[in-house]
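Take a look at the structure below.
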Amino acid sequence: MRVNIISPGRINLIGEHTDYNGGYVLPCAINLSVNLYFEIQNEKSYVSTDIGYSMSFNVDELSMKSDNQWENYVIGVVRELKKIKSRLKNFYCKIESTLPSGAGISSSSALVCGLIKGLNVLNDLNLNNSDVINISRNVEHKHIGVLGGIMDQYTILNAKKNKAILLNCKNLNAKYIDIDFGEYEILLLDSKIKHNLANTEYNERVKECNKALATINSINKKKIECLSDVSLDEIKKSKNNLSEKEIKRATFVVEENFRVIKSSNLIENNNLIEFGKLMYKSHEGLRNKYEVSCKELDFLVDQSKIFDEILGARMMGGGFGGCTVNLVKKSATNKIIRKIKDNYESHFGINLNAIIAKPGSGIMISKF
Ligand code: GLA
């Protein structure tokens with residue numbers, strides 16, 4: 001049996017760092033993907049990538065951890081699946097990708113979801129999408145060491161072409177929103193920056209938010225489940241017991257959550273100008289209150305303000321590098337890419353990568 005999987009990347013229109021706080025996000029999948037080709041093997045497993053990495057192992061004698069981070073994704077998936085079915089089949093998997101890694105468009109979740117889905121079919125595991133999300137999260141949390149939320153996995157598994165998903169990350173209620181931006185399109189500008197600190201800082205934010213929530217609950221004598229559900233008033237009332245940082249983090253999360261709900265209404269009513277303004281507000285909050293931006297991303301967002309044809313821009317994903325997402329008039333896209341590319345290169349000496357992202361469908365599986 002052969003199984004082919006097309007596992008897409010995702011972008012997020014707005015709603016950053018709200019997922020693990022039980023808030024809303026507004027992501028969609030894109031037309032770039034990690035593609036995996038599987039076959040069953042008898043003796044040993046062999047996984048190879050189109051950028052020259054390969055690993056060979058037996059599913060029953062897999063090491064705990066590798067020095068190569070990409071191998072830990074494979075190890076993590078196999079180890080987590082063995083908890084469900086102890087005897088897995090050895091397999092061959094060739095991986096090809098059109099998704100740049102480290103750009104904040106979820107190449108790692110696309111890889112993990114693709115691996116789980118492929119091995120699910122090869123081993124008759126009968127996993128449903130929520131199993132895949134849970135396993136994928138366990139891989140990230142336990143084998144990679146990042147305490148990520150569920151936005152990426154949910155989007156990869158459930159996205160529909162030309163739709164964004166207004167997802168409530170507390171209860172996974174989802175509403176599909178048409179995103180025909182008419183004469184506008186989504187332009188990603190990949191800063192090509194990948195800060196080592198990103199994972200440590202990400203985990204730090206998760207902890208700060210949990211701590212802030214516990215304090216807000218105890219001061220207000222409440223049992224609010226998620227930080228995104230507290231009110232600005234409750235934060236204010238707790239301010240003598242919260243650190244400066246915790247006040248900023250909590251305020252950002254609550255404000256960003258409102259912005260997602262407002263944005264989905266604005267997009268539904270075709271009010272892209274106001275939506276663009278919220279994108280800028282989101283970036284401001286991520287930079288000043290959540291403190292997950294970096295000078296290269298700030299530069300790219302500032303550059304976007306030079307052009308009337310850009311309605312909004314902000315950093316996207318976990319932060320400390322990766323992409324900005326820009327809402328750009330199609331007729332001006334090429335001119336804008338040329339100009340910002342030149343300015344970025346003369347400022348930082350880096351040749352940025354520009355990607356026009358088309359909202360695509362979720363993961364696709366074919367077997368034969
Ligand atoms: C990363 C995580 C997501 C989400 C974003 C920030 O992409 O994987 O779960 O938390 O950062 O919005």
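Whatever order the structure lists them in is the order used to number ligands and atoms, beginning at 1.
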Exercise for the section: Might you work through the side-chain hydrogen bond (donor to acceptor under 3.5 Å, both in side chains) test for D50 and S97, ending with a clear yes or no? Expected result: CA-CA 7 Å; D50 57 352; S97 178; 5.8 Å; no

Practice task
Please confirm whether the backbone N or O of E234 pairs with a side-chain atom of S231, one donor and one acceptor, at under 3.5 Å?
Solution key: yes

Exercise for the section: Considering only Ile, Leu, Val, Met, Phe, Trp and Tyr, and joining two whenever side-chain heavy atoms are under 4.5 Å apart, list the other residues clustered with I6. Expected result: M364

Completion exercise
Applied to residues 347-368, the salt bridge (Lys or Arg N to Asp or Glu O under 4.0 Å) test, sequence neighbours excluded, yields E185-K358

Which pairs of N or O atoms, one from ligand 1 and one from the protein, are separated by less than 3.5 Å, and what is the distance for each pair?
unit_1: ligand 1; atom_1: 7 (O); unit_2: R10; atom_2: NH2; d: 3.0
unit_1: ligand 1; atom_1: 7 (O); unit_2: D152; atom_2: OD2; d: 3.4
unit_1: ligand 1; atom_1: 8 (O); unit_2: D152; atom_2: OD2; d: 2.8
unit_1: ligand 1; atom_1: 9 (O); unit_2: D19; atom_2: OD2; d: 2.5
unit_1: ligand 1; atom_1: 9 (O); unit_2: G149; atom_2: N; d: 3.0
unit_1: ligand 1; atom_1: 10 (O); unit_2: D19; atom_2: OD1; d: 2.8
unit_1: ligand 1; atom_1: 10 (O); unit_2: D19; atom_2: OD2; d: 3.4
unit_1: ligand 1; atom_1: 10 (O); unit_2: Y202; atom_2: OH; d: 2.5
unit_1: ligand 1; atom_1: 11 (O); unit_2: G318; atom_2: N; d: 3.3
unit_1: ligand 1; atom_1: 12 (O); unit_2: E16; atom_2: OE2; d: 2.7
unit_1: ligand 1; atom_1: 12 (O); unit_2: H17; atom_2: N; d: 2.7

Exercise for the section: May I ask you to decide if N21's main-chain N or O and S228's side chain share a donor-acceptor pair within less than 3.5 Å? Expected result: yes

Practice task
Give the other cluster members for V301, using side-chain heavy-atom distances under 4.5 Å between Ile, Leu, Val, Met, Phe, Trp and Tyr residues; answer none if it is isolated.
Solution key: L187, L189, I193, Y280, F299, L300, I306, F307, I310, V328, I336, I337, I340, Y344, F348, I350, L352, I356

